Amino acid sequence: MADPFISVAERLAPAFAAVAGSACDPVVRPSDRADAQANGALALAKSLGISPREVAQKVLEAAGDVSDILSSTEIAGPGFINLVFSDSFIAQQLFEATSGNRLGVRASARPETVVVDYSAPNVAKEMHVGHLRSTVIGDAIVRVLEFVGNTVLRENHIGDWGTPFGMLIEHLIDMGEQNAAHELSVGDLDGFYKEARRKFEGSDEFKDRARHRVVLLQGGDEDTLRLWRTLVSESTQYFNRVYTQLDVLLTDDDLMGESAYNHLLVPVVERLQKQGLLVESDGAEVVFADGFTNRENEPLPLIIRKGDGGYNYATTDLACVIDRVERLKATSMLYVVGAPQAQHLQMVEAVARQAGWLPEGSTMNHISFGSVLGSDRKMLKSRSGGETVKLAALLDEAVERAEVAVAEKNPEMSSADRSDVARMIGIGAVKYSDLSTDRVKDYIFDWDRMLSFEGNTAPYLQYAHARICSIFRRAGVERSSVRSVVPHIGEPQERELALRVLRFDSAVWETIDTLSPHKLCTYLFDLATDFTSFYEHCPVLKTGHEDTRESRLALCDATARVMEQGLALLGIRSPEQM
RNA sequence: GCCCCUGUAGCUCAGUCGGAUAGAGCAACGGACUUCUAAUCCGCAGGUCGCAGGUUCGAUUCCUGCCGGGGGCGCCA
């Protein structure tokens with residue numbers, strides 16, 4: 001068990017149980033006055049009818065000799081037990097944690113098959129910052145869940161079906177297929193979509209053609225399908241370029257667009273019908289899920305089949321549930337989707353449960369997130385007019401800005417290295433600024449802050465890693481050669497750093513338990529802060545003692561490994577020099 | 001009208017399964033560079049944790065109400 005907090009909690013639990021007479025949480029928490037504190041005695045005092053300090057005293061007596069883990073235990077204040085880990089324990093734990101590739105992170109005791117539904121851009125429509133959040137958060141969640149041993153299935157539920165495709169296909173025909181394909185392949189999806197929309201709004205003749213085209217599409221007309229495939233394939237190629245630039249895991253294998261569920265739409269209706277859940281209401285076929293009401297306080301339906309006979313997104317989402325549970329055997333389904341869809345997803349889950357499609361133990365979770373705002377606290381728009389910011393342009397700008405900074409800070413670096421490093425820094429900065437705040441809140445997009453290299457930013461963390469690499473380069477020592485060294489804990493900065501490294505396990509698991517990547521970010525920032533403090537106070541190569549040098553190199557290596565792994569779990573690269 | 005999310009330092013954000021003096025970064029101020037890369041560090045200053053009640057030995061954290069901000073509330077996805 002790598003995290004000393006867990007070790008000490010396990011050690012104290014029997015003592016607490018003995019005093020309490022039943023199982024009892026020691027409530028081990030971080031402390032300002034020691035490495036940790038156990039608060040369990042305060043809660044126990046009342047039921048036992050003795051003072052908290054007395055409880056604490058009895059617990060310590062029951063715990064017996066703990067000197068192998070703790071160098072001191074002290075009862076303080078109203079009944080806190082302050083705990084100080086022994087230096088040799090920290091050193092030994094660090095050695096054990098870094099002996100394997102997991103760096104002390106526990107594997108899942110109950111691995112699951114998890115479907116993560118994220119990114120989900122629309123065909124023939126530009127990706128914007130909303131997709132950025134879903135993509136980046138989803139990617140981090142996927143990586144973290146895989147790291148602890150889950151089977152993770154990525155699903156990119158692209159918008160590739162529905163009524164807009166009538167107008168899009170007609171516009172494609174008007175432009176000529178070659179021209180349209182070219183416009184889409186260079187990434188001018190916004191222009192294409194807007195022009196189609198403009199014609200749809202402005203011309204009754206075009207509108208009629210578009211509607212007819214939708215009927216042909218849904219009817220499986222071969223020529224129409226061929227045009228549709230052109231739209232989809234040009235768009236997905238463009239998405240893939242953005243994904244490559246963003247350095248996320250999504251590939252064509254992960255595409256599961258709305259159209260992929262067409263064959264399940266009729267079965268959804270039939271199964272709901274058979275179960276007597278489907279009712280007719282205002283011309284539509286709907287399911288009334290318990291507990292949902294509309295503006296007039298009347299039951300709110302989930303519309304399965306519209307008045308015109310068509311299906312909508314609720315139908316597709318229910319088909320997804322069936323597919324994911326029955327074909328993919330998913331036990332957990334995560335939807336990385338913006339906050340406005342909260343109620344919709346709740347209703348889908350409620351109906352899926354009522355229909356019995358979600359077995360006991362299978363869960364659906366909405367990984368909700370807030371909006372990206374500009375510095376004016378309004379939804380992010382480009383400088384000129386009300387256009388939403390194109391994701392591709394935004395990423396290019398990030399890399400350009402990073403390149404300028406690298407050129408300034410490290411002029412000796414070759415231009416090839418510089419562009420590589422600039423990509424890692426620029427993209428890392430964008431992703432990290434998105435991941436590092438609580439996802440449920442809106443966050444303010446600010447170039448200067450995310451690339452400032454100070455504070456809780458990707459470049460600051462990357463810099464800490466690069467500095468460690470630099471130490472080993474300078475020393476001419478292989479990183480792996482110091483992994484047989486049990487470090488010696490002497491200076492307070494060494495102690496802080498070692499203890500921090502050991503908390504990686506808890507940081508990863510807190511991230512998973514809350515599905516909140518910012519927990520991992522906060523941890524890595526603390527790790528970087530502890531490292532730079534160590535770096536300033538504890539010379540590694542310039543120390544006179546060979547043992548100290550070895551020990552500190554081992555500590556540096558452990559830190560760099562955790563930093564690199566932690567950033568990798570966020571989908572961020574760690575350059576070896578900056 | 002009902003429901004969901006949110007309100008912490010001048011700014012941007014952490015934190016809270018109820019615990020001791022609420023923490024960072026930026027900005028401001030004062031220090032430390034012929035560097036193991038100063039893209040850094042050290043120090044100083046800055047807060048009625050939206051407001052009012054309640055539960056508790058103890059509330060920024062839990063509960064209720066109110067106020068401010070955002071979002072949702074039947075045939076777009």
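In what follows, chains carry the letters A, B, and so on, assigned in the order in which the sequence lines appear, proteins first and then strands, with residues in each chain numbered from 1. Only a predicted model underlies this, so the values are computations on that prediction, with no experimental measurement involved.
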By nearest nucleotide on RNA chain B, pick out whichever of A:P539 and A:F80 is the more 5' one.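 This one resolves to A:F80.
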
On RNA chain B, compare the nucleotides closest to A:P459 and A:H537; which residue's is nearer the 5' end? A:P459

Considering every strand and a 4.0 Å limit on heavy-atom distances, what is the contact class for [X]: base, sugar-phosphate, or nothing?
X      : result
A:C469 : nothing
A:K519 : sugar-phosphate
A:L42  : base
A:A466 : base

For each nucleotide in nucleotides 69-77 of chain B, reading 5' to 3', give B when a protein heavy atom comes within less than 4.0 Å of its base, S when such contact involves only the sugar-phosphate, and - otherwise. --SSBBBSB

For every nucleotide of nucleotides 24-33 of chain B, 5' to 3': is a protein heavy atom under 4.0 Å from its base (B), only from its sugar-phosphate (S), or from neither (-)? SSS-------

So what's [N] paired with, Watson-Crick or G-U wobble, going by both distances under 3.5 Å?
N      : answer
B:rA22 : none
B:rC73 : B:rG1
B:rC66 : B:rG50

Between A:Y443 and A:S436, is there a side-chain donor-acceptor contact under 3.5 Å, judged purely by atom types and distance? no

Is the closest side-chain donor-acceptor distance between A:E564 and A:S574 under 3.5 Å? no

Close approaches to RNA chain B from residues 45-52 of chain A, in residue order (heavy atom, under 4.0 Å):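 A:K46, in order of number.
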
Determine the interatomic distance between P on B:rG68 and the same-named atom on B:rC75; round to the nearest Å.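 Comparing P positions in B:rG68 and B:rC75 gives a spacing of 29 Å.
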
Candidate nucleotides B:rU16, B:rG19, B:rA39, ranked by approach to the side chain of A:Q37 - the nearest: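 Of the options given, the side chain of A:Q37 lies nearest B:rG19.
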
Salt bridge check, A:R324 against A:E155: does any charged N sit closer than 4.0 Å to a carboxylate O?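 A salt bridge is present here (some side-chain N lies under 4.0 Å from a carboxylate O).
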
Ring-ring centroid check A:F239 A:H131, cutoff 6.0 Å: no

A:H157 and A:Y261 aromatic centres sub-6.0 Å: yes

